[in-house]
Protein chains: 2
Amino acid sequence: MTAERKPRKDAVRNRAAVFAAADALFAQCRSPEEVTMADIATAAGVGKATLFRAFGDRTGLIRALYEARLAPVRAAIEEGPEPLGPATPPLERVPALLDAVLCFKLDNRHLALALEGSGADSPYRADHYDHWHALVRDLLRRLPGPPDSDFTAHALLAATRADLVAYLAGDKGVPREELRAQLAGFTAAVLDARTRRGTAVEG
Amino acid sequence: MTAERKPRKDAVRNRAAVFAAADALFAQCRSPEEVTMADIATAAGVGKATLFRAFGDRTGLIRALYEARLAPVRAAIEEGPEPLGPATPPLERVPALLDAVLCFKLDNRHLALALEGSGADSPYRADHYDHWHALVRDLLRRLPGPPDSDFTAHALLAATRADLVAYLAGDKGVPREELRAQLAGFTAAVLDARTRRGTAVEG
DNA sequence: TTGCGATACGGACCCACGGTCCGTATCTTC
DNA sequence: GAAGATACGGACCGTGGGTCCGTATCGCAA
């Protein structure tokens, strides 16, 4: 077993400072690209190298922020009560999941934008996307319907893309509840049509 | 009237050279980010400034390439025969439009990726997106169904996002025809559910 | 053909930003 | 409190988008 010895006290303090500073800066600025690493280091009262030592690179920092915010949602899904928790039947859980994703991206627009639009790597290569997709796909498979659960899961999740959400909620000024209702309606329509169109269950 | 005098001969020749070089380079490389402006200039046998003079900036160049490829599709939609042309009834034209978009993005993955993922500006602020969205939304409105055509149009188009298409067709190796069939199935399901769920027509 | 203003060329140059290096400071442990 | 390990920080580097300006080319007219 790799017995990782505990890190130095100042290291954890600095890590936390960077974390907080980055969170605040990303929340303030319109577009995530106008926050530079140097900005974050300065705001945290820390040298640039400290920042990179703690998080590897820009993507690593953003991912860390994102994962921290996401943790409670994950917990609610994995072991929480209905309608998000695992005991919920698929027909209710899929809409609940999508609604949770939407709400999360509404509440954390800046981070979601920064992560999904981190240039080089498409959001589809991120591991957390696979997680969501597998979850939705498997729920769809447990429902009667045509055997295209994989694509349908992608398509449903695409409706919650960070930049789309930011565009509608931000630029277009669509209110939160209205967006939620529209996504719910769309999801319901898709599920409804699927259960109606075919009764085969995928292996 | 702004009487724009005609450009010099070498200017148009260079512009064409840059155009061709950029097209070739983007087509060859895996990710559009590994093609630099200097690369394009070199490949075109031209100085960097010439390139920027002709197209403004990176986004301008990519957009010009994209629009050029898109022109035939646009023409087919605006004045072509069925099922893409304006004479087609909405119920058939919406799937046809989405299929055309999908095929276009499959055939021009590199450009679509370069444009949608051009970092700063979300794809939703591009004017061509508004065009597609308005088209789909207006068709949906002409159909009986719930009054959320605007969002539904966004959601349907989101299923054809360039990075999703590239991910499925490229990384996952989903064959072209299978992808088309899946998108068609998804679209049909959405339309089917809409016409079934409500009979109101939006004003 | 030649002369001349207008236009375009090109590559050296600039700047911003992500990421690294290394001499120095701080922590931990004995 | 001394020694070794660990972390600090800001100067530094490479890269890539975008610009500047002295020079070459073009178009036109005489």
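Quick caveat: nothing in here was measured; it's all calculated off a predicted structure. In what follows, chains carry the letters A, B, and so on, assigned in the order in which the sequence lines appear, proteins first and then strands, with residues in each chain numbered from 1.
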Among C:dA8, C:dG19, D:dG9, which nucleotide sits nearest the side chain of A:Val46? D:dG9
Among D:dT19, D:dG10, D:dG18, which nucleotide sits nearest the side chain of B:Ala49? D:dT19
Begin with the C-alpha distance, continue with both residues' side-chain angles, and end with the deciding distance and a verdict on side-chain contact (heavy atoms from CB on, under 4.5 Å) for B:Gln182 and A:Thr152. CA-CA 8 Å; B:Gln182 288 181 336; A:Thr152 303; over 6 Å; no
Send over the distance from B:Phe52 CZ to C:dC9 P, rounded to a whole Å. 14 Å
Describe the nucleic acid contact of B:Lys9 in one word from base, sugar-phosphate, nothing, applying a heavy-atom distance below 4.0 Å. sugar-phosphate
Rounded to whole Å, the CZ-P distance (A:Arg15 to D:dC8) equals 11 Å
Nearest listed nucleotide, side chain of A:Arg58, among C:dG18, D:dG16, D:dC26: C:dG18
Do A:Thr88 and A:Leu84 have side-chain heavy atoms sitting under 4.5 Å apart? no
Looking at D:dG18, does its base get a donor-acceptor pair with the side chain of B:Arg53 below 3.5 Å? no
How many Å lie between CG on A:Asp57 and C1' on D:dG14, as a whole number? 16 Å
d(CD, A:Glu33; C1', D:dG17) in whole Å: 14 Å
One thing to verify: whether A:Arg176 and A:Asp107 come together as a salt bridge, which I'm taking to mean a side-chain N less than 4.0 angstrom from a carboxylate O. yes
If you assign A:Asp10 and B:Thr36 each to the DNA chain D nucleotide with the nearest heavy atom, which residue ends up on the more 5' nucleotide? A:Asp10
Could you give the CG-to-C1' distance, from A:Leu51 to C:dC17, as a whole number of Å? 13 Å
Whether A:Thr50 contacts D:dA7 is assessed here as follows: a side-chain N or O lying under 4.0 Å from the phosphate OP1 or OP2. Is that the case? no
Residue met sooner reading DNA chain C from 5', once A:Val35 and B:Val12 are mapped to nucleotides: B:Val12
Between C:dA8, C:dT29, D:dC28, spot the one nearest the side chain of B:Lys6, thanks. D:dC28
Send over the distance from B:Met37 CE to D:dG17 C1', rounded to a whole Å. 8 Å
Side chain of A:Asn14: nearest nucleotide among D:dG17, D:dC8, D:dC20? D:dC8
If each of B:Arg13 and B:Gly56 is mapped to the nucleotide of DNA chain D with the nearest heavy atom, which maps nearer the 5' terminus, i.e. the 5' end? B:Gly56
Under a 4.0 Å N-O cut-off, is there an ion pair linking A:Glu178 with A:Lys172? no
Return the nearest nucleotide to the side chain of A:Lys48; candidates are D:dC12, C:dC9, D:dG17. D:dC12
Starting at atom CG of B:Leu61, determine the distance to atom C1' of D:dG17, rounded to an integer number of angstrom. 13 Å
Identified side-chain contact (heavy atoms from CB on, under 4.5 Å) partner of A:Phe104 from the options A:Val165, A:Thr160, A:Leu70: A:Leu70
